Chemist: 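The structure under discussion is supplied below as C-alpha cells; questions concerning it will follow.
Per chain, numbering begins at 1; letters A, B, ... match sequence-line order. Every value quoted in this text rests on a predicted model; they were computed, and no experiment measured them. Keep in mind that the numbers below use all heavy atoms, side chains included, and drop hydrogens, waters and symmetry copies.
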Amino acid sequence: MDYQFRDIEKRWQKFWAMNHTFRVDNNSEKPKYYVLDMFPYPSGAGLHVGHPLGYIASDIFSRYKRLKGFNVLHPMGYDSFGLPAEQYAIQTGQHPAITTETNINRYREQLDNLGFSYDWSREVRTSDPGYYKWTQWIFMLLFNSWYNLESNKAESIEELIKKFENSGSQGIKAVSDEDAEIFSAEQWKLKSDIDKQTELLKYRLTYLRESTVNWCPALGTVLANDEVKDGYSERGGYPVEQKKMMQWSMRITAYADRLLQGLDNIDWPDPLKEMQRNWIGKSVGALVRFGLNSGAFIEVFTTRVDTLYGTTFLVLAPEHELVEGLTTPDHIEEIQNYIDQTKKKTELDRMADTKTVSGAFTGSYAKHPISGAPVPIWIADYVLAGYGTGAVMAVPSGDQRDWLFATKFGLPIVAISDAQLDLDMQADPTKDGLYINSGIINGLNYKQATAVMIAKLEELGAGKAKVNYRLRDAIFGRQRYWGEPVPVYFKDGLPQLIAMEDLPLVLPEVDKYLPTESGEPPLGRAENWKYKGDLEYELSTMPGWAGSSWYWYRYMASQDDRNQDSFAPANAIAYWKDVDLYIGGSEHATGHLLYSRFWNKFLKDLGYVVEEEPFKKLINQGMIQGRSNFVYRIIDQDGRGTNKFVSHGLKSQYTTSALHVDVNIVFNEVLDLEKFKVFRSEFADAEFILENDKYICGVEVEKMSKSKFNVVSPDDIIERYGADTLRMYEMFLGPLEQSKPWNTNGIEGVFKFLRKFWKLSHDDEFNFKVSDDEPSKAEYKALHKIIRKVEEDIERFSFNTSVSSFMICINELTDLKCNKRKIIQDLVIVLSSYAPHISEELWTLLGNAPGTLSVAPYPVFNPEYLVENEFSYPVSVNGKTRMNLNISLSLSQAEVEAIILSNTDLEKYLEGKTPKKIIFVKGKIINIVI
RNA sequence: GCUCGGAUGGUGGAACUGGUAGACACGCAGGACUUAAAAUCCUGUGACCCUUAAAGGUCGUGCGGGUUCGAUUCCCGCUCCGAGUACCA
C-alpha cells in the first residue's frame with residue numbers, strides 16, 4: 001500500500017487514547033519536565049491553522065523530552081469563562097455552559113486530529129465548579145492576608161490584628177490604602193467591630209474600594225484597561241465611559257518590586273520582559289513640597305530632584321483638587337474655559353494631539369522649598385491626574401515638554417548646569433557637568449547634588465526620596481454572569497467570606513443574562529440566592545484572568561487527586577515545582593503573565609507552592625495572520641451596490657466597493673464562480689466582468705477572523721495531506737517566534753518528503769521491506785548527522801531547520817537506496833516527535849511492540865561516523881574565493897602552506913607578488929593575503 | 001515620541017561563536033514516462049558581462065561609512081517595515 005495517512009493517523013490516535021499512552025505519573029524515578037501551552041478560550045469559530053503553531057512546537061518538545069528520559073507533564077485545558085459565550089446567551093437565551101460545552105467538544109476533536117501527546121486525564125476547565133472552588137479559595141486567602149514590608153511577604157491577617165492589639169498601627173510597615181489610620185493599641189481595642197473591619201480592609205490583599213472604572217453601558221459591564229481601545233470596547237466597539245463604583249481590587253502593587261526583580265532570573269524573551277518592566281514602571285525620585293500662602297502645599301513627584309533650582313513654574317493636572325482654590329478671581333474664566341476644553345477632549349483627541357502645547361495660569365504662586373522664590377502655578381493637560389501626585393515641577397532647561405510650555409507662554413528658562421547647550425533651541429536633560437545657578441549644590445556633580453538635595457529637603461521637612469510605580473492595583477470585579485462568583489456576602493454593609501465548607505459557591509441560574517432593571521449585575525436576578533437564607537451575596541463575578549492565574553498547578557493534581565481537599569497535593573507540587581517551558585503569544589505580556597506571577601508569589605509566601613516564579617522559560621510563538629480575498633462590487637450612479645462584480649485587474653475602470661470573500665472558494669486568487677453564487681444567497685444571480693476568462697480576487701494580510709472569511713481550518717488540510725504533514729509544514733514555515741501570513745504554497749514539499757520516507761522501507765509494490773545488512777559508512781553518516789542536528793535544533797527551538805535537515809537526510813538515504821533496519825529504526829525515533837503517526841506505524845512494522853515508541857531512547861550520537869580525513873578548503877586571495885582544494889585535515893599550517901604555494905593554478909591570482917601572509921583555519925578556510 | 005523586533009533570489013526561508021551567501025522547499029523553465037492529463041522522475045534556476053563551447057569575470061544580504069586577512073554576522077550614522085506603549089514628570 002502507498003502511504004495511507006488517513007488510515008494510519010486515525011488508527012494511532014485511537015490507540016493512544018485507548019491505551020492512555022501519554023498518561024503521566026506523579027511518582028517517577030525520572031527527572032521531571034513540565035511543558036505547558038497557554039490554554040485556549042473555546043470560541044465558536046473552532047481552531048484555525050494559527051492556533052496549533054505553538055501547540056505543535058510544545059508537542060514536539062514534549063515528545064523529544066520523553067525520548068530523552070524525562071517524566072513529562074504535558075497537559076491541556078480550557079479557559080472557559082468569558083464574554084463571547086455570555087453575549088451569545090444574551091442573544092439566544094442558550095445557557096453559556098451549553099455553548100461552552102459544545103465548543104470544547106469541537107476543540108477537543110480538532111486537537112485530537114493533530115495527534116498531540118496531552119495527558120487528557122488532567123484536563124481543566126475554569127468554569128467547572130470543581131475547579132473554580134479553588135479559584136474562590138485563593139480569593140479567600142488573599143482576603144485573609146496583608147503585605148508585611150518588613151518580612152517582604154504576605155502574611156495572615158491574624159498576625160496584623162495581633163500587632164494592632166499589641167502596639168497599634170504605628171511603626172507597622174505594610175502595604176495599605178493611603179487613608180490607613182494611625183492608632184494605638186488602646187484605641188484599636190476600643191474600636192467597634194465594624195470600624196475594625198473597615199480598617200483591616202485597607203490592608204487586605206483583595207479589598208473593596210471605590211474606584212473609577214471603564215463602564216460600558218452597551219455590554220452592561222466593567223472592562224479592563226486592556227479591553228478598551230480608544231474609548232471603545234475591544235469586543236463589539238461600544239462606547240466606554242468612566243464611572244465610580246465599589247469594586248474588588250487586588251493589591252498587586254504590593255508585589256511591584258518582586259515582580260520587577262523576578263524578571264532577572266527567568267528565561268523569557270527580552271522584549272517581553274521589557275514590556276513588563278515598562279508596565280510596572282518603577283521610577284526612583286523624590287516628593288517635593290512647594291508651600292502656599294494658605295499654609296497648605298503642592299506636592300510634586302520628580303525623578304530629577306537635582307534640577308530643583310531650575311524650576312520656574314509648577315503645572316497641575318486640570319483635575320487636581322487644589323486648582324479651584326488656587327485660581328485668583330481674574331483668572332477664573334480662563335481656567336474654567338481650559339478645564340471645560342479638556343473635559344470635552346476624548347482620549348482619542350488627546351492622543352492625536354501630543355504636539356499642541358496648551359495650558360492656563362491660575363494667578364497664584366507657590367514658594368520654592370529651598371530658595372523661597374515665588375513660582376507661578378499653571379494647569380495643563382500634559383500632566384496626568386492619575387500618575388505621581390498629579391502635579392509636576394517644571395524645569396524648562398532640562399525637560400523638553402516643560403521647555404515647549406515655557407517658550408510658548410514666555411516663562412523663564414534657567415540653565416542649571418555648565419554642560420547644558422543651546423537652551424534657545426531645546427531643553428538639555430544632561431546629567432553631565434557641574435551645577436550653576438543652584439544655590440547649595442553649585443559646583444557639585446549629579447550624584448553629589450541629588451544626595452545633598454534630598455538631605456536638605458528632609459531636613460526642611462519639604463520632601464523625601466520616593467519610589468513611584470506606574471502599576472495600579474488590579475480591579476477584580478466584573479458585572480457579568482459567566483464568571484466565578486465572588487465567595488463573599490455582606491453583613492452590616494461589610495464584606496464577609498463565606499465558610500470554607502460552603503465552597504464552591506456555585507453560579508446560580510438566572511432567567512436572563514442581562515443586568516437587572518435597577519442596574520445590578522446579572523446575578524441579581526437569581527431567585528432565592530442568599531447566604532444562610534437571608535444574607536446578600538456579592539453580585540459581581542471574577543474577571544477572565546482569575547481562573548488562568550493558577551491553572552498550571554491544577555494540572556499537577558492527577559484525576560485521583562482531584563477529590564482531595566487541596567488545589568493540588570503538596571507532594572505533587574514538590575515534585576513538579578514549576579513550568580519548565582511555557583509557550584504562548586506575547587499578547588498576554590501585561591495581563592495573564594503578570595497576574596500569574598503575582599498569584600504565584602502570593603501562594604509562595606503562604607507556603608503553598610515552592611517556586612518564586614511559575615514559568616522558568618517562555619517562548620512566544622508568532623501570530624499566523626490570515627490572507628483575505630476580496631471581490632469588487634460595482635457601485636451604480638446612485639451610489640448603490642449592484643449585483644455585478646469586476647475582476648481585480650479591471651476594477652480601476654469602475655466605482656467599486658471591496659467585499660471579503662471566503663478564502664476557501666478562491667484558488668490561487670481565482671474565484672470559483674459557482675461556489676461564489678451559493679456563498680451567500682444574495683449572490684445567486686451575480687454577474688461578473690472577467691479578465692482572461694477568470695475572476696481574479698484582491699489579497700490583503702489581516703488577522704485571521706470569522707468576519708473576514710479568511711479562517712483556514714486545520715481540518716481541511718489534515719483531510720488532504722494528513723496531520724503529520726500539517727505538523728511539519730507549520731514548523732517548516734519559518735522561525736517559531738516570527739509572525740507570518742498563512743500560505744499553503746509549499747505544503748506539497750513536506751508531503752512528498754513523508755512519502756519518500758515511507759518508500760524507503762517499502763518496495764515498488766509498497767510491501768514493507770527492510771534489510772538486516774550492516775549499513776555502509778555513508779548510511780551511518782546520514783543517520784548520525786540527523787541525530788545530532790535534531791537534538792541541537794530542538795534544544796534551541798529552531799524547528800524549521802530540523803525539517804529541512806530531515807529532507808536532506810531522506811534525500812541522501814534515497815540516493816543510497818538505503819533500507820537497512822539499523823538506520824530506519826533510529827531514524828523513526830528521531831522523526832517521531834515531529835511526525836508521530838507515520839513513525840508509530842513504521843516502528844510497529846519494524847517489529848517493535850505497539851505504543852513503545854514514545855518512550856524509546858533517543859539514539860546516541862556517535863561523532864566517529866562524521867569524522868573526515870579530508871576537507872575541500874575554499875582558497876581565497878585577499879578574501880575572494882578562487883578555488884577549492886582537497887587537503888588532509890591532519891596537516892599542520894606549514895605543510896598546508898607548502899601545498900598551497902606549490903599549486904600552479906594559483907599563480908595567476910597572485911599577480912606575481914609574494915604572499916604577505918596566509919590565514920589558515922583548520923576545517924574552514926585558507927586565505928592568502930598579497 | 002519612546003521601547004523592542006526586522007529588512008537576504010520570483011516566494012517561504014538557511015548560513016548557530018566573523019570563515020565557500022542563497023541550504024531545504026515552493027514556483028518557474030526544459031525533458032522523460034503517458035493517446036492525453038494528473039501523479040512520478042531527471043535537469044536547470046541570484047543579477048549582469050564575456051564566450052561557439054568548455055570555462056571565466058564583475059556585482060550582490062535595505063542605504064552610507066568603519067573595524068578585520070575576511071562582515072548577512074561586530075561598531076557608527078541613516079531609510080523603510082512590523083509589534084508594543086501613549087504626554088510617566
Chemist: Taking the same atom, C1', in B/G65 and in B/A54, what whole-Å distance lies between them?
Modeler: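 Going atom to atom, C1' in each nucleotide, I get 42 Å.
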Chemist: Syn or anti for B/G9, please, going by whether the chi angle lies within 90° of 0.
Modeler: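 Here B/G9 takes the syn form, which means its glycosidic angle is within 90° of 0.
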Chemist: How many Å lie between NZ on A/K924 and P on B/C69, as a whole number?
Modeler: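 That distance rounds to 19 Å.
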Chemist: What is the distance from NZ of A/K740 to P of B/G82, rounded to the nearest Å?
Modeler: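 Atom-to-atom, A/K740 to B/G82, this comes out as 18 Å.
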Chemist: Taking the same atom, C1', in B/G19 and in B/U58, what whole-Å distance lies between them?
Modeler: 22 Å
Chemist: Is there a side-chain polar atom (N or O) of A/R470 under 4.0 Å from OP1 or OP2 of B/U85?
Modeler: no
Chemist: Does the Lys NZ or Arg CZ of A/R755 fall within the cation-pi geometry relative to A/Y3 - under 6.0 Å from the ring centre and within 45° of the axis?
Modeler: no
Chemist: Rounded to whole angstrom units, what separation is found between the CD1 atom of A/I925 and the P atom of B/U73?
Modeler: 16 Å
Chemist: Measuring only the P atom in each nucleotide, how far is B/A7 from B/C59? A whole number of Å is fine.
Modeler: 24 Å
Chemist: Both A/L272 and A/N927 contact RNA chain B. Which one's nearest nucleotide lies toward the 5' end?
Modeler: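 Result: A/L272.
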Chemist: Reckon A/V929 touches a base, only the sugar-phosphate, or nothing at all at heavy-atom distances under 4.0 Å?
Modeler: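 Contact class for A/V929: sugar-phosphate only.
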Chemist: Would you give a per-nucleotide map of nucleotides 22-31 of chain B, 5' to 3', where B means the base has a protein non-hydrogen atom under 4.0 Å away, S means only the sugar-phosphate does, and - means neither?
Modeler: -BBSS-----
Chemist: Restricting to side chain to side chain donor-acceptor pair (under 3.5 Å), what partner residues turn up for A/E795, sequence neighbours left out?
Modeler: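 Listed in chain order: A/Y64.
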Chemist: Using the side-chain contact (heavy atoms from CB on, under 4.5 Å) criterion, which residues pair with A/P369? Sequence neighbours excluded.
Modeler: A/V288, A/F290, A/L308, A/L457, A/A462
Chemist: For A/N811, check side chain to side chain donor-acceptor pair (under 3.5 Å) against everything at least two apart and list the hits.
Modeler: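 Checked A/N811 against side chain to side chain donor-acceptor pair (under 3.5 Å); matches are A/K756.
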Chemist: Tell me what A/P269 touches on the nucleic acid: a base, only sugar-phosphate, or nothing, going by heavy atoms under 4.0 Å.
Modeler: nothing
Chemist: Thinking salt bridges, do A/K785 and A/E812 make one under a 4.0 Å N-O criterion?
Modeler: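 Salt bridge: yes.
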Chemist: Taking CG from A/N620 and P from B/G6, how many angstroms apart are they, rounded to a whole number?
Modeler: 14 Å
Chemist: Return the set of residues passing salt bridge (charged side-chain N to carboxylate O under 4.0 Å, His left out) with A/E274 (not counting sequence neighbours), or none when no residue passes.
Modeler: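 A/E274: salt bridge (charged side-chain N to carboxylate O under 4.0 Å, His left out) contacts with A/R277.
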Chemist: Keeping to residues at least two apart or across chains, list the salt bridge (Lys or Arg N to Asp or Glu O under 4.0 Å) pairs with something in residues 388-403 of chain A.
Modeler: A/D399-A/R401
Chemist: Mind checking the P distance from B/A83 to B/C26? Whole angstroms is fine.
Modeler: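 Looking at atom P only, B/A83 and B/C26 are 31 Å apart.
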Chemist: Separation of A/M275 atom CE from B/U3 atom P, in whole Å?
Modeler: 15 Å
Chemist: Using the P atom as the reference point in each nucleotide, state the distance between B/G60 and B/C4 in Å, no decimals.
Modeler: 31 Å
Chemist: Rounded to whole Å, please give me the gap between CG in A/L287 and P in B/A89.
Modeler: 13 Å
Chemist: Base, sugar-phosphate, or nothing: which does A/S872 touch, judged by heavy atoms less than 4.0 Å apart?
Modeler: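 The answer is base, as A/S872 lies within the cut-off (heavy atoms under 4.0 Å) of a base atom.
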Chemist: May I have all residue pairs that pass salt bridge (Lys or Arg N to Asp or Glu O under 4.0 Å) and include part of residues 386-398 of chain A, sequence neighbours excluded?
Modeler: none
Chemist: Listed by chain and number, what are the side chain to side chain donor-acceptor pair (under 3.5 Å) partners of A/K924, not counting sequence neighbours?
Modeler: none
Chemist: Just to verify, what does A/P874 make a side-chain contact (heavy atoms from CB on, under 4.5 Å) with, not counting sequence neighbours?
Modeler: A/F871, A/T881, A/N884, A/I925
Chemist: Considering heavy-atom distances to RNA chain B, does A/D399 or A/I919 have its closest nucleotide positioned more toward the 5' end?
Modeler: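 Its nearest nucleotide being more 5', the pick is A/I919.
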Chemist: Would you please confirm or rule out a distance under 4.0 Å between OP1 or OP2 of B/G12 and any side-chain N or O of A/Q738?
Modeler: no
Chemist: Between A/Y469 and A/T253, is any side-chain donor less than 3.5 angstrom from a side-chain acceptor?
Modeler: no
Chemist: In chain order, what residues pass the side-chain contact (heavy atoms from CB on, under 4.5 Å) check against A/N927, with sequence neighbours excluded?
Modeler: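 A/N927 satisfies side-chain contact (heavy atoms from CB on, under 4.5 Å) with A/S876, A/I919 only.
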Chemist: Would you mind classifying the nucleic acid contact of A/P874 as base, sugar-phosphate or nothing, using non-hydrogen atoms under 4.0 angstrom?
Modeler: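 Answer is base: heavy atoms of A/P874 come under 4.0 Å of a base.
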Chemist: Would you sketch RNA chain B in dot-bracket for me? Only Watson-Crick or G-U wobble pairs with both distances under 3.5 Å count, crossing pairs as [ ], other-strand pairs as |, the rest as dots.
Modeler: (((((((..(((......[....)))((((((.......))))))((((......))))..(((((..]....))))))))))))....
Chemist: Less than 3.5 Å apart, any donor N or O on the side chain of A/S802 or A/D793 sitting next to an acceptor on the other?
Modeler: yes
Chemist: Please give, in whole Å, the distance from B/C4 P to A/R277 CZ?
Modeler: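 Answer to the nearest Å: 11 Å.
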Chemist: What is the distance from NZ of A/K273 to C1' of B/C4, rounded to the nearest Å?
Modeler: 14 Å
Chemist: Identify whether any heavy atom of A/L733 sits under 4.0 Å from a base atom; if not, whether one sits that close to sugar-phosphate; answer base, sugar-phosphate or nothing.
Modeler: sugar-phosphate
Chemist: Give each protein N/O atom lying under 3.5 Å from an N/O atom of nucleotides 16-18 of chain B, with the pair distance.
Modeler:
from: B/C16; atom 1: N4; to: A/K789; atom 2: NZ; distance (Å): 3.2

Chemist: Quantified in whole Å, what is the C1' atom distance between nucleotide B/U73 and nucleotide B/G22?
Modeler: 15 Å
